Amino acid sequence: MPARLGGPLNLCGRGRLAARRLPRYHLRVVAEQLTDLQKIILEIHALDLTVRDSIRQVSARVGFFVGQQRYQDELAKAQEIVEADAEQANA
């Protein structure tokens with residue numbers, strides 16, 4: 001049975017994302033801009049797993065296979081959104 005999409009957005013994984021310093025209300029705004037897949041990818045990416053293990057974890061959570069290209073593309077898009085919002089919040 002596939003895992004439920006969504007869940008809490010953890011942007012504080014080991015200092016890898018710039019959004020760590022944002023106020024809590026701003027994290028909700030960022031979370032609303034991300035797709036469920038992007039949220040899951042960011043959560044798994046914060047665990048510092050290998051790409052192969054990250055893809056396995058993401059695929060297990062969403063219930064369908066996520067290939068390496070899609071994983072990398074969605075990760076890059078999600079990080080751009082988070083970084084752009086971090087810059088706006090600091091401006």
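Please read all numbers here as calculations on a predicted model, not as lab measurements. All values below come from the heavy atoms of this structure, side chains included, with hydrogens, waters and symmetry mates left out.
To the nearest 0.5 Å, atoms CD1 (I55) and CD (Q72) are separated by 6.5 Å. With rounding to the nearest 0.5 Å, the separation of OH in Y71 from CZ in R56 is 13.5 Å. Taking OG of S54 as the reference point, atom CD1 of I41 lies at 9.5 Å (rounded to 0.5 Å). Atom CD in Q57 sits 14.5 Å away from atom NE2 in H45 (nearest 0.5 Å). Considering CZ of R61 and CG of L37, their distance stands at 10.5 Å, rounded to 0.5 Å. With rounding to the nearest 0.5 Å, the separation of CG in D73 from CD in Q68 is 10.5 Å.
You'll find the side chain of K39 reaches within 4.5 Å of the side chain of D36, heavy atoms only.
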Margin query: Could you go through E74 and K77, starting from their C-alpha distance and side-chain angles, then the distance that decides it, and tell me whether this counts as salt bridge (Lys or Arg N to Asp or Glu O under 4.0 Å)?
Written below: CA-CA 5 Å; E74 294 296 328; K77 289 177 194 176; 3.6 Å; yes
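For E87, there are no side chain to side chain donor-acceptor pair (under 3.5 Å) partners two or more places apart in sequence or in a different chain.
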